[in-house]
Amino acid sequence: MTDAPRRRSTTTVPEKAALEGLEDKWGERWESNGTFRFDTAAPAQAVFAIDTPPPTVSGSLHVGHVFSYTHTDCVARYQRMRGREVFYPMGWDDNGVPTERRVENYYGVRCDPTVPYDADFEPPGQAPKNRRDFVAISRRNFIELCERLTGEDELVFEALWRRLGLSVDWTQTYTTIDERSRRVSQRAFLDNLARGEAYQADAPSMWDITFRMAVSQAELEDRPRPGAYHDLAFHRSDGEGDVVVSTTRPELVVSCVALVAHPDDERYQPLFGSTVSSPLFGVEVPVLAHHLADPEKGTGAAMICTFGDLTDVIWWRELDLPARAVIGRDGRFASDPPEWLDTPAGRTAYEQLAGLGVKAAQRTTVELLTASGELLGEPTAIEHPVKFYEKGDAPLEIVQSRQWYIRNGGRDPELRNELIARGDELAWHPSFMQARYTNWIEGLTGDWLVSRQRYFGVPIPVWYPVEANGEVNYDQPIVPSEADLPIDPQSDAPRGYDETQRSQPGGFVGDPDIMDTWATSSLTPQIAGGWDHDPELWAKVFPMDLRPQAHDIIRTWLFSTMVRSHLAEDAAPWHHAALSGWILDPDRKKMSKSKGNVVVPTDLLERHGSDAVRYWAASGRPGTDTAFDETQMKVGRRLAIKLLNASRFVLGLGAPMADEESLGLSAVTHPIDLAMLAEVAALVDSATAAFDEFDYARALERTEEFFWRFTDDHVELVKTRAYGDGPDAASARAALELALSALLRLFAPHLPFAAEEVWSWWMDGSVHRAEWPSSAEFGDAATRSDPALPGLTARVLREIRRAKTEARTGMRTTVEHASVSARGDDVARLELVRNDLCDAGVVTELVLTVDPNATEPKVVATLAPADERG
RNA sequence: GGGCCCAUAGCUCAGCUGGUUAGAGCGCUGCCUUCACACGGCAGAGGUCAGAGGUUCGAGUCCUCUUGGGCCCACCA
């Protein structure tokens with residue numbers, strides 16, 4: 001709820017004003033006064049709920065975070081002042097692979113689930129240089145270290161956010177690994193399972209051999225890597241020669257299950273249906289036709305291996321081929337010769353490859369092929385894109401494994417179209433970002449793989465029965481009851497069993513995997529909004545009003561949240577999505593991690609002040625990449641200081657009259673004051689319209705533009721009059737105060753510290769809970785005033801100043817005589833403000849002449865003789 | 001190959017549905033401190049709005065093409 005501005009009984013203007021110390025002072029007061037505390041009693045229609053992005057707690061916040069979180073805070077503060085009760089929680093994403101990796105490197109440990117728990121374990125003081133020397137610790141010890149480190153990080157992050165002035169309700173904080181998140185995440189998963197949206201499949205999937213885990217489509221990225229085409233000879237079984245195949249992965253020849261060519265390719269048509277035998281291993285494989293084979297590539301014939309790339313998976317599935325995988329989960333070739341190698345020569349050849357990594361296996365295979373004469377010519381070096389896990393550093397392999405999936409439209413046109421249509425329900429800021437969402441869905445190739453073979457995350461909440469013969473029955477998962485959540489199936493036994501039955505015939509096993517980090521963060525509205533523990537809150541905040549986030553995670557966070565909400569709530573999770581841009585180096589390149597980390601946000605806030613850094617951030621338009629620019633922070637600092645000083649001046653003039661009643665609009669009678677207020681009224685409308693479109697940058701720009709004219713022209717013009725007595729002085733002061741009151745509120749979202757400081761000198765309560773200004777506050781000032789007046793007076797002022805500048809004299813120098821010749825209507829205007837102009841220009845005499853032919857007012861100023869200057 | 005964004009002063013950017021002579025800040029140059037502010041103020045110089053064509057009485061703004069930059073997706077034998 002907001003309050004109309006209410007003046008304090010006494011105005012206290014400090015002798016000196018500075019920005020230093022405002023962050024601590026107001027940060028503490030806002031906290032102790034609960035200024036940003038969400039009022040749970042607020043009616044639903046008053047609530048403005050923000051689905052805050054939980055930053056990853058796996059390092060440090062960088063300048064890009066400061067940038068985008070400031071944008072959201074400006075919107076939050078605006079909405080709050082508009083009378084909305086803002087639900088603005090903060091989350092920490094401490095769940096997932098980045099945290100695991102950071103913990104490993106920070107403490108020099110690695111998780112080995114076979115190691116027993118050590119209650120007294122203390123990590124080494126310093127991590128060894130070589131990862132091989134890291135200490136192996138139990139899963140429980142590892143998770144304890146994750147929690148210890150993320151706990152420390154979260155305190156540091158919160159301190160930074162507070163200093164930046166985010167108007168977060170810190171009582172609403174969550175972490176993506178805390179008990180509530182685990183419960184929500186597991187319950188939502190079980191709901192998906194119950195509705196048939198979550199399922200298991202034993203299928204080939206992208207696999208990171210370093211992390212030893214499956215990876216989903218959303219986590220893939222291409223990186224250019226050197227490779228080479230190798231021409232291999234497959235031997236026709238009719239003895240009529242060889243079929244040549246070009247491949248970049250000769251080591252996979254052992255996994256070859258068929259050759260394939262395009263059905264229309266005349267070169268291979270005679271061979272379709274026949275078999276060839278593979279080089280080195282002599283395995284008979286069929287020659288098949290499929291439209292995905294490209295006659296232009298290589299020789300037009302490709303070998304299908306299980307599995308070299310995703311096209312292999314398609315061919316394997318559609319042509320119903322056997323799986324002959326040799327690469328294991330560790331990225332090494334199986335140590336025993338595969339059973340499909342039925343010739344002694346083939347088995348001998350394989351012995352050379354057994355146990356090798358992919359690179360070494362390729363080298364060895366090439367040597368063997370060269371020796372056998374089945375490698376034709378020299379390999380041709382190329383550079384080609386290779387798929388990587390976005391956080392990994394070894395190329396992905398394709399490994400067949402049992403995994404959990406959630407339907408996301410990747411294999412279901414109907415669901416796909418529903419999700420695309422949900423995108424239309426959102427207002428996207430900027431609007432073109434919707435295309436990225438739609439494009440991503442249209443390009444999905446499969447469902448969402450949610451299981452991860454990692455340790456620090458939310459466990460998949462199921463067990464499986466172990467049959468009497470010791471076989472695990474994956475088709476009949478045992479699910480926990482909701483009341484027991486969250487559970488860890490690795491340490492909790494399902495109801496009806498006890499721990500002694502774990503892994504025993506007739507007993508159970510726990511699912512060893514955890515969920516993808518997005519499987520939990522896709523539920524941030526549910527986690528923060530009380531979905532499973534506070535139905536009253538949930539009814540008020542869902543669907544939320546705003547999802548602010550970076551545009552690079554549209555395909556992950558935004559999309560997955562939409563999927564969960566669509567499946568569970570049959571609704572879009574928010575009304576608005578605001579996508580922020582990148583921070584770029586001054587040379588226009590995307591600011592790299594290393595460079596971004598050189599610029600430490602706390603240091604920036606220290607050097608420039610929080611309002612100054614916020615000013616820079618808020619100058620970046622929604623969705624637009626913005627250059628990192630400290631000079632903009634200096635400009636922001638200057639603006640904040642100017643706001644303090646101009647306010648000090650205005651408020652130092654004293655009340656318009658001793659009588660409180662005369663305060664306000666009724667005292668404003670002078671035409672120049674009325675015209676100024678009319679400009680403020682227009683400014684308020686313009687800033688409000690911008691903010692309603694989430695355009696904090698436009699609102700700031702408009703406000704700032706007016707503010708500088710206000711101080712440079714209007715205040716200079718009226719200050720002498722304002723010092724005086726009588727109705728004209730009262731008019732000046734009343735107008736200045738009305739304008740200041742509005743300006744402070746207009747600046748409050750962007751410069752919360754300076755605005756609050758000034759507000760506290762003369763107003764009750766926090767400016768951040770004050771009513772957003774309205775043009776109605778200025779009554780009929782607009783209709784009573786002359787819109788041409790401010791521009792005209794500013795012009796005359798500028799001409800007089802120019803004359804002084806050209807005479808190389810100070811602005812306080814008295815001008816003996818100034819004359820203006822202008823059209824009659826302009827002269828009439830200038831007569832109204834002649835006294836102000838004389839005072840402001842410090843002119844002793846101002847002569848106005850009507851010149852009916854003048855297009856522009858012509859100003860001539862004559863300076864007093866040097867000895868009279870002063 | 002598909003999609004999206006961008007190109008305006010030396011630099012960073014405004015310019016919203018087309019409408020006087022294209023704006024701001026920084027930087028640069030010059031001048032000015034008792035009297036809100038030197039963490040300041042005033043003033044000045046600086047632009048073929050990437051290029052070409054089109055629509056229009058009128059185009060930085062709308063359309064088409066070209067060039068250059070960036071991003072996303074697809075392709076990966």
Side-chain angles (χ1 to χ4, degrees), chain A residues 13 16-20 222 224-225 227 229-230 245-249 252 259-261 292-294 297-305 308-312 315 382 384-387 430 432-440 442-443 445 551-552 554-555 581-582 584 586 588-590 608-609 612 616 619-621 623-632 634-653 686 689-690 693 695 697-698 701-702 704-705 708 711-712 715-716 719 723 797-798 801-813 855-856:
Chain A
V13 181
K16 281 273 171 196
L19 297 177
E20 281 69 28
D222 285 346
R225 281 291 179 275
Y229 279 114
H230 300 74
V245 168
S246 238
T247 179
T248 56
R249 301 209 50 188
L252 287 178
L259 298 192
V260 67
L292 279 183
D294 182 354
K297 278 191 183 158
T299 62
M303 64 177 192
I304 302 175
C305 304
D309 61 38
L310 292 172
T311 318
D312 281 339
W315 281 326
I382 54 157
H384 61 155
V386 176
K387 286 208 186 303
F432 63 76
M433 290 292 183
Q434 187 180 357
R436 301 210 180 173
Y437 171 83
T438 307
N439 285 352
W440 172 253
E442 286 169 345
T445 58
H551 59 66
D552 58 327
I554 289 174
R555 67 176 185 174
W582 291 111
L584 306 175
R588 307 301 299 156
K589 294 270 163 45
K590 184 190 164 191
H608 301 286
W616 159 74
S619 302
R621 306 201 96 75
T624 305
D625 294 347
T626 301
F628 175 74
D629 187 359
E630 291 205 49
T631 64
Q632 278 301 101
K634 291 183 182 147
V635 174
R637 180 177 174 81
R638 197 172 58 122
L639 174 64
I641 291 170
K642 190 76 175 180
L643 186 59
L644 295 179
N645 282 317
S647 302
R648 214 152 61 77
F649 175 71
V650 166
L651 298 174
L653 291 167
S686 163
E693 294 296 312
D695 196 341
R698 182 188 294 268
E701 184 191 58
R702 296 292 156 87
E704 184 192 11
E705 186 275 330
W708 285 112
T711 57
D712 292 350
V715 174
E716 291 302 326
K719 81 202 290 188
Y723 275 127
L797 260 186
R798 187 158 58 244
R801 285 174 190 151
R802 193 208 308 266
K804 292 182 182 179
T805 296
E806 279 169 3
R808 311 198 157 211
T809 183
M811 285 300 138
R812 295 191 195 287
T813 307
T855 48
E856 294 293 335

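The chains referred to below are lettered A, B, ... by the order of the sequence lines, with proteins before strands, and numbering in each begins at 1.
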Side-chain donor or acceptor of Ser647(A) paired with backbone N/O of Leu643(A) under 3.5 Å =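 Yes.
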
Strictly below 4.0 Å: does [X] bring a side-chain N or O up to OP1 or OP2 of [N]?
{"X": "Arg698(A)", "N": "C16(B)", "result": "no"}
{"X": "His384(A)", "N": "A77(B)", "result": "yes"}
{"X": "Arg638(A)", "N": "A38(B)", "result": "no"}
{"X": "Thr311(A)", "N": "C76(B)", "result": "yes"}
{"X": "Tyr437(A)", "N": "C73(B)", "result": "no"}
{"X": "Lys642(A)", "N": "G41(B)", "result": "yes"}
{"X": "Arg801(A)", "N": "A43(B)", "result": "yes"}

Distance-only donor-acceptor test, Asp625(A) side-chain atoms vs C71(B) base atoms, 3.5 Å =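 Absent.
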
Can you tell me the pairing partner of U55(B) across any strand shown, Watson-Crick or G-U wobble, with both distances under 3.5 angstrom?
->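 Check on U55(B): unpaired, no WC or wobble geometry under 3.5 Å.
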
According to the Watson-Crick and G-U wobble definitions, with both distances under 3.5 Å, which nucleotide is paired to C28(B)?
->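 Pairing partner: G44(B).
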
Between [options], spot the one nearest the side chain of [X], thanks.
{"X": "Pro385(A)", "options": "C76(B), A36(B), U12(B)", "value": "C76(B)"}
{"X": "Ala627(A)", "options": "C75(B), G2(B), U12(B)", "value": "U12(B)"}
{"X": "Trp440(A)", "options": "A74(B), C71(B), G25(B)", "value": "A74(B)"}

Going by an N to O cut-off under 4.0 Å, is there a salt bridge joining Glu716(A) and Arg798(A)?
->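 Looking at Glu716(A) and Arg798(A), the cut-off is not met.
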
In this structure, how many angstroms lie between the [atom2] atom of [N] and the [atom1] atom of [X], rounded?
{"X": "Lys634(A)", "N": "G25(B)", "atom1": "NZ", "atom2": "P", "value": "17 Å"}
{"X": "Asp309(A)", "N": "C76(B)", "atom1": "CG", "atom2": "C1'", "value": "6 Å"}
{"X": "Leu639(A)", "N": "G41(B)", "atom1": "CG", "atom2": "P", "value": "11 Å"}
{"X": "Met433(A)", "N": "G3(B)", "atom1": "CE", "atom2": "C1'", "value": "13 Å"}
{"X": "Lys297(A)", "N": "G1(B)", "atom1": "NZ", "atom2": "C1'", "value": "11 Å"}
{"X": "Asp222(A)", "N": "C71(B)", "atom1": "CG", "atom2": "P", "value": "14 Å"}

Using a 4.0 Å heavy-atom cut-off, does [X] contact any base of the nucleic acid, only the sugar-phosphate backbone, or nothing at all?
{"X": "Arg637(A)", "result": "base"}
{"X": "Glu716(A)", "result": "base"}
{"X": "Asp712(A)", "result": "sugar-phosphate"}

Shortest non-hydrogen contact between His384(A) and Gly227(A), atoms and distance |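 Smallest heavy-atom distance, with atoms named: NE2-CA, 4.0 Å.
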
Same-atom distance (C1') from G47(B) to A7(B), integer angstrom =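 So the two C1' atoms sit 14 Å from each other.
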
Take atom P in G44(B) and the same atom in C39(B), then report the distance between them in whole Å.
->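 My reading of the P atoms in G44(B) and C39(B) gives 25 Å.
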
Could you check Leu797(A) against Val635(A) and say which one's nearest nucleotide on RNA chain B is further toward the 5' end?
->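 Looking at the nearest nucleotide for each, Val635(A) comes out on the 5' side.
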
Taking for each residue the nucleotide of RNA chain B bearing the nearest heavy atom, is the 5' side occupied by Ser246(A) or by Arg621(A)?
->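 Nearer the 5' end of the strand: Arg621(A).
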
When rounded to the nearest 0.5 angstrom, what is the spacing between CG in Asp625(A) and NE2 in His551(A)?
->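 Between Asp625(A) CG and His551(A) NE2, I get 5.0 Å after rounding to 0.5 Å.
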
